[in-house]
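Quick notes on the structure that follows.
Chain A is the first sequence line, chain B the second, and so forth, proteins listed ahead of strands; every chain is numbered from 1.
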2 protein chains.
Amino acid sequence: MSVTTKDVARVAGVSVATVSRYLNGHNVLDENREKIEQAIKQLGFRVNPIAQTLRTNRSMTVAVLVPTLANIFSMSIIESIERCLDQYGYSIMVCGSRGELAREEEKLRFVRDKRVDGVIVIPVGSSGSHIAEIVGDDIPVVLIDRVVDDVRFDAVVVDNTNAAYHAVEQLIIKGHRRIAMIAGPQHIYTARERLKGYRRVMSDYGLAIDEDLVLVGDYTSDTAYGLVKELMQRDPRPTAVFVSNYEMTIGAIGCLNELGIRIPEELSVIGFDHLDLSSVVKPPLAVVAQPRDEIGRKAAELLYARMSGDTTSFPSLIRLKTRFIQGSSIAEHKSG
Amino acid sequence: MSVTTKDVARVAGVSVATVSRYLNGHNVLDENREKIEQAIKQLGFRVNPIAQTLRTNRSMTVAVLVPTLANIFSMSIIESIERCLDQYGYSIMVCGSRGELAREEEKLRFVRDKRVDGVIVIPVGSSGSHIAEIVGDDIPVVLIDRVVDDVRFDAVVVDNTNAAYHAVEQLIIKGHRRIAMIAGPQHIYTARERLKGYRRVMSDYGLAIDEDLVLVGDYTSDTAYGLVKELMQRDPRPTAVFVSNYEMTIGAIGCLNELGIRIPEELSVIGFDHLDLSSVVKPPLAVVAQPRDEIGRKAAELLYARMSGDTTSFPSLIRLKTRFIQGSSIAEHKSG
DNA sequence: ACTCTTCGTGAATTCGTTTTCAGCATACAT
DNA sequence: ATGTATGCTGAAAACGAATTCACGAAGAGT
């Protein structure tokens, strides 16, 4: 059926061992090299990566495991990982955990059995013991976006706390006092960190936090829509709001548009993630932008280093900076 | 190192053949079944999928090959494919062709060598002969979003021509005559189809097409930004514009906002794709929405059927309907 | 001229499964 | 009692590569 090293060996008049050595870049007599190259070309030989993997336990594949594929954050990251690892000859296998621990475990077992050489994962929970247990020490792991608190892994994250801190600080500087926050689900690392940033800056500026203005969503657009609706019924209303992820920003803006609330005259708004947004919304939205490409690239580079046996400064926590995009959605607030 | 069928066989006191038969659901003496199950549990045995693939040439994996990973269209589709095939025990391997034919070929060869059981691809060009040549008849292929004109493949697409037709028709019905279109690159199937729809409806309504109002972009946001800027310098200006993909819609809206052009008072706008957009933009944008989940699901189901040996009505072309979201970005035009 | 390395080689084994094939029961029909 | 289905079994041969090992032919050193 398909052409194997055995065929190549036969045609070239050498043994399969020599063919194999040639393929793996070992030394081969020039004479044999030529005959082998000729035979390979003539037969259209391509090495069978499956057989290779069975024998060597290396697959030149890394797994990327994320809670959900269909959001811009995951996708940009997957794209940049693919681009980066492609250069080194690695391909990627993507899996969705759908935010379920059981599925995360199941997928990890699956890719381990598939002999992937490395794993990049956005963990669903704050524990990583199951990850360590499943992939063991054989397979390098790099966490993205979130860290776990019980196992030491390499990780690439952004400085969520500072990002939130600086964003809210902008509002404070402009005179806002009643600043609301649409927070994310507190079982998710980034959501906790961002809320922490909010609390910290409020505290640092000596502002009391009205807990009625801190609404906890679930990182989805629909829920945020409802929360903002609820928020705008507070009396007195907040004069500004910080929304802490992309999907929720979408929902929030949609709601405000529908309520006919003018930005920033009636409400100053800072969104999160996704640059496009800031230009599409009128007025241009101030947002916290994550360096998505860089996250993916750094994670891929780090994983590649680990897969190549480089264990320098393990575990290394790479914390990237976010960027604040000014926009025009923040108004000066004449304090009262 | 790892525990194999041989170990299971030894512990259970049967032969590896019997273990294999048990694993593949063949008949086995109840007595042996019990002993094997016990041994498997005791040893924590997991079948090695690589060895399985080597032997059977089946990997329970399908490849998804798209021009770019990092856009919402690709990702939604990949997500729904993953969800669907996950049920059947298949996992997916995603690859990006970056719109380059050479890379598409290279990736196809790669996944074929990896013994994927099926391929779902958004082809970069309008020819599919290289696809047929590389994957041959062994591996089922389902095209998505675009069709090729030289080979018959199963395909799942949307009715781009009608989508554009109906969208522009809305504008015509509201009295618009100077209707601009931001078209996509004409080497891409969907872009051609959408432009065709525009031309057809204009012709059907007996409207002359001002070629100065048909600007061809490259499906990217930045280019569309420039094109819209150019467009608005036309004299007389168009009274409406139809933008024919998501990224270009982003760029167009961004530009219009920046120019301070009021929608729909000064310009009626219809965008493309991505529901979120219609709510975030003020006023809510009229858009043509593609049934992204359905595209992915149908493609996955079809591929699954093919992989299972069902060749009913091959090749089948599934053409899905788009949905027109009304929005408030279209004004009545008092014709002059 | 002699041993001692070094280098490239081929035969054979291995990776962990599935599958073929003959063998051996047992059950059934005659 | 004999013959033939039927059902399950284990030994062995795949699948296609990498690797171990012993070996022969050079080259180096004395």
Side-chain angles (χ1 to χ4, degrees), chain A residues 1-37 39-40 43-61 89 109-117 138-139, chain B residues 1-37 39-40 43-61 89 109-117 138-139:
Chain A
M1 174 112 283
S2 58
V3 23
T4 74
T5 45
K6 199 180 291 184
D7 301 315
V8 174
R10 189 173 26 76
V11 171
V14 298
S15 75
V16 292
T18 304
V19 176
S20 173
R21 276 186 287 261
Y22 164 78
L23 292 173
N24 293 294
H26 301 151
N27 276 343
V28 164
L29 244 43
D30 280 352
E31 180 195 342
N32 288 337
R33 172 186 314 278
E34 261 175 42
K35 289 193 290 188
I36 291 173
E37 283 171 350
I40 286 179
L43 297 173
F45 168 81
R46 303 201 96 219
V47 60
N48 180 332
I50 298 297
Q52 237 169 181
T53 300
L54 177 61
R55 189 58 231 260
T56 62
N57 272 337
R58 297 219 266 82
S59 61
M60 297 303 281
T61 301
R109 259 187 281 269
F110 179 80
V111 299
R112 180 250 278 142
D113 289 348
K114 285 260 189 183
R115 301 298 190 272
V116 297
D117 301 327
D138 317 329
I139 310 177
Chain B
M1 175 113 283
S2 59
V3 20
T4 75
T5 44
K6 199 180 291 183
D7 300 316
V8 174
R10 188 172 29 74
V11 171
V14 298
S15 75
V16 292
T18 303
V19 174
S20 173
R21 276 186 287 261
Y22 164 79
L23 292 173
N24 292 293
H26 301 151
N27 275 343
V28 163
L29 244 42
D30 279 353
E31 180 195 342
N32 288 336
R33 171 185 317 277
E34 260 176 44
K35 287 193 291 191
I36 292 173
E37 283 172 350
I40 287 179
L43 297 172
F45 168 81
R46 299 202 99 216
V47 60
N48 179 331
I50 299 297
Q52 239 169 178
T53 300
L54 177 62
R55 189 55 231 257
T56 62
N57 273 335
R58 297 217 268 81
S59 61
M60 296 304 281
T61 301
R109 259 186 281 273
F110 179 80
V111 299
R112 180 251 278 144
D113 289 348
K114 284 260 188 181
R115 301 297 191 273
V116 296
D117 301 327
D138 317 329
I139 309 177

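- As rounded to whole Å, 18 Å separates atom P of C:dC15 from atom CZ of A:Arg58.
- Atom-to-atom, NZ of A:Lys6 to C1' of C:dA11 comes out at 12 Å; the value is rounded to the nearest Å.
- A:Arg46 comes within contact range of the sugar-phosphate backbone alone, with a heavy-atom separation under 4.0 Å but no base atom that close.
- Each of A:Phe45 and B:Ser15 was assigned the nucleotide of DNA chain D with the nearest heavy atom; the assignment lying further toward the 5' end belongs to B:Ser15.
- B:Ser20 places no side-chain N or O within donor-acceptor distance of the main-chain N or O of B:Val16, the cut-off being under 3.5 Å.
- For A:Arg109, the CZ atom counts as densely surrounded, since its 6.0 Å shell holds more than 12 non-hydrogen atoms of other residues, nucleotides or ligands.
- Distance, A:Leu54 CG to D:dA18 C1': 10 Å, rounded to whole Å.
- Contact annotation: side chain of A:Arg55 to base of D:dA17, donor-acceptor pair absent below 3.5 Å.
- For A:Gln52, no side-chain nitrogen or oxygen approaches OP1 or OP2 of D:dG16 to under 4.0 Å.
- If you measure from atom CG of A:Asn48 to atom C1' of C:dC15, you get 13 Å, rounded to the nearest angstrom.
- For A:Lys114 and C:dG16, the NZ to P distance is 17 Å, given to the nearest whole Å.
- In this structure a side-chain-to-backbone donor-acceptor pair under 3.5 Å is missing from A:Asp113 to A:Phe110.
- No donor-acceptor distance shorter than 3.5 angstrom exists from the side chain of B:Arg21 to the backbone of B:Val19, with no hydrogens or angles considered.
- Two residues are said to be in side-chain contact when any heavy atoms from C-beta on lie closer than 4.5 Å; A:Val47 and A:Gln52 meet this criterion.
- With D:dG16, D:dT19, C:dG16 as the choices, the nucleotide that has an atom nearest any side-chain atom of A:Ala17 turns out to be D:dT19.
- Distance check, rounded to the nearest 0.5 Å: CD1 of B:Ile36 to OG1 of B:Thr18 gives 6.0 Å.
- Considering only side-chain N and O atoms, B:Thr56 lies nowhere under 4.0 angstrom from the phosphate OP1 or OP2 of C:dT17.
- Distances shorter than 4.0 Å separate none of the side-chain N or O atoms of B:Thr53 from OP1 or OP2 on C:dT17.
- Every residue was checked against the side chain to side chain donor-acceptor pair (under 3.5 Å) condition with A:Glu34, not counting sequence neighbours, and none meets it.
- Distance A:Ile50 CD1 to C:dT14 P: 23 Å, rounded to the nearest Å.
- Checking the phosphate oxygens (OP1, OP2) of D:dA17, a side-chain nitrogen or oxygen of A:Thr5 falls inside 4.0 Å.
- Using a 4.0 Å heavy-atom cutoff across all strands shown, A:Arg33 reaches no nucleic acid atom at all.
- The side chain of A:Thr18 contributes an N or O atom lying less than 4.0 Å from OP1 or OP2 of C:dG10.
- Rounded to an integer number of Å, the gap from A:Arg115 CZ to D:dG16 P is 20 Å.
- Taking atom CG on A:Asn57 and atom P on D:dT19, their separation rounds to 11 Å, with Å as the unit.
- Taking only side-chain atoms of A:Val47, from C-beta outward, the nucleotide of C:dG10, D:dG16, D:dA17 with the closest atom is D:dA17.
- Residues from residues 19-29 of chain A lying near DNA chain C, meaning a heavy-atom separation below 4.0 Å, are A:Arg21, A:Asn27, A:Val28, A:Leu29 in numerical order.
- Distance from the side chain of B:Ala51 is smallest for C:dG16 among the nucleotides C:dG16, C:dA11, C:dT19.
- A donor-acceptor pair under 3.5 Å links the side-chain atoms of A:Ser59 to the main chain of A:Arg115, judged by distance alone.
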